[in-house]
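Chain letters run A, B, ... following the sequence lines, proteins first and then strands; every chain starts at 1.
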Amino acid sequence: MKPSVKDALIAKLTALGDDELILAHRNSEWVGHGPILEEDIALANIVQDELGHATLWYGLRKELDGSDPDQLAFFRDANEYRCCELVELPKGDWAFTMLRQYLFDLYEALWLEAAQHSAYKPLAEAAQKIIREERFHLQHTRAWVERLGLGTEESNRRLQQALNFQWGYAQQLFVPIPGEELLVAEGIVPELGPIRERWLELVTRHLQNADLKLPINPGYQPTSRAYHTEHLWSILAEMQSTARWEPEAKVW
Amino acid sequence: MTALPTTEQVWEALARIPDPEIPVVNVVEMGIVREVQVDGSRATITMTPTFSGCPALHLIREQLEQTARSLGFAEVEVKTALFPPWSTDWITPEAKERLRRYGIAPPKPTREGGALIALEAPPTPCPRCGSLDTTLTSPFGPTLCKSIHVCNRCKEPFEGFKAV
């Protein structure tokens, strides 16, 4: 592998892992606070899966540059993270959380579906593993979006509000990282353009069926993953405090 | 000097390690142990994760290593393989029956190449009374591999193993 391609792949794997890790940690804030017990458990399951996916992406990076996944998660500062801004946003209400997870799950499922054919075998294998779990997430969050959209005036209003707010942020999922064109040219990662088209088509059809108003004027659309919202600093401060205080803290 | 165990004996020893989350089945019949290689005083075990975020994976890995060491191997390596991805189709029929008797509805056979969103799934039989009149309460349960159901005939809630 050419050094320029390898560097781009390391950066892409970092971005993939960072999205999963930060979204997982953000949603873990619901544990013990879910609207009903089953949903508390369901979201905790989804969070645990996403953490598993982050581990897989960081693990692939480790094979390339030897970096330790725990070091990446707990000892990097916010400006070294490469997550998108959508996953950093505070958890909001249940509608906000479910909508974000739905928008992300659909993007992730479509990306993984295409990435299963990656020319880089370890990435293709990880995609084939992860997509089996992602199916359950999408099924669940899609049902929630429908339930809230078609529920009461209040639930529809809250979901629409969340959608108007998140729409511009969600577009960042489809912005290639610097050097991503090298990976696309080598067949290592799928091109984001066609994935965005399918995502847009499915999201629009599904949300309109759930009585939500689209299209939406996107407003603010973040582009570079080198910049973050202020929320990333506070979530990292909380997430990393134990490890930084006691680096020998063990998994169990 | 005592002879080191054969590959078959290593498999037998590993088959005595219970699944940390569902102790009625062992890690071999769950399809978690993929390969055992014995080369002199060295044993290499290949395992595969069930669900990628399963917290029991660390424990399973440690137990595989300890078990192989207790058999006398000087060097033990536990490798992880992601491919082909673990499937509940690999759980042996005996283990599925033990899951059912334990109160967990065993996984149904998976359909490969299915769409992202499954169509209306066939009902999961109640592991207690066998009734097909059951309702899925939530596709997510107390562990990543299970869903929650309720039987409309015997009125008992039960867990089901997700088919992946």
Thinking salt bridges, do A/Asp105 and A/Arg142 make one under a 4.0 Å N-O criterion?
no
Any side-chain donor-acceptor pair under 3.5 Å between B/Asn152 and B/Thr135?
yes
SB check A/Asp93 A/Arg158 (cutoff 4.0 Å)
yes
Do A/Thr14 and A/Arg82 have side-chain N/O donor and acceptor atoms under 3.5 Å apart?
no
Identify the residues of residues 27-53 of chain A whose heavy atoms come closer than 4.5 Å to a heavy atom of chain B, ordered by number, or report 'none'.
A/Glu38, A/Ile41, A/Ala42, A/Asn45, A/Ile46, A/Gln48, A/Asp49, A/Gly52, A/His53
Electrostatic pair B/Arg98-B/Glu94, nearest N-O below 4.0 angstrom:
no
Indicate yes or no: at least one non-hydrogen side-chain atom of A/Ile235 is less than 4.5 angstrom from one of A/Glu88.
no
Do A/Tyr102 and A/His140 pass the ring pair (Phe, Tyr, Trp, His ring centres under 6.0 Å) test, and can you show the C-alpha distance, the side-chain angles, and the key distance before you say yes or no?
CA-CA 8 Å; A/Tyr102 162 74; A/His140 193 68; over 10 Å; no
So, A/Glu238 versus A/His25: side-chain donor-acceptor pair below 3.5 Å or not?
yes
Between B/Glu65 and B/Arg61, is there a side-chain N and carboxylate O pair less than 4.0 Å apart?
no
Which answer fits B/Thr143, side chain, backbone, both or neither, if we ask what part of it has an atom under 4.5 Å from a heavy atom of chain A?
backbone
Only heavy atoms, only distances under 4.5 angstrom. Which residues in residues 187-196 of chain A are near chain B?
none
side-chain hydrogen bond (donor to acceptor under 3.5 Å, both in side chains): pairs with one or both residues in residues 155-164 of chain B, sequence neighbours excluded
B/Lys146-B/Glu159
Would you please say whether a donor-acceptor pair under 3.5 Å links the side chains of A/Asp19 and A/Tyr107?
no
Region of A/Ala126 in contact with chain B, defined by heavy-atom distances below 4.5 Å:
both
Identify which one of A/Lys129, A/Arg132, A/Glu133 satisfies the side-chain hydrogen bond (donor to acceptor under 3.5 Å, both in side chains) criterion when paired with B/Ser52.
A/Glu133
Contacts of residues 70-84 of chain B with chain A (heavy atom under 4.5 Å)
B/Leu82, B/Phe83
Run the salt-bridge test on A/Glu201 and A/Arg198 with the 4.0 Å N-O cut-off and return the result as yes or no.
no
Any idea which of B/Pro139, B/Ser147, B/Gly53, B/Ser138 has the most non-hydrogen atom pairs under 4.5 angstrom with chain A?
B/Gly53
Is the distance between the ring centroids of A/Trp199 and A/Trp111 under 6.0 Å?
no
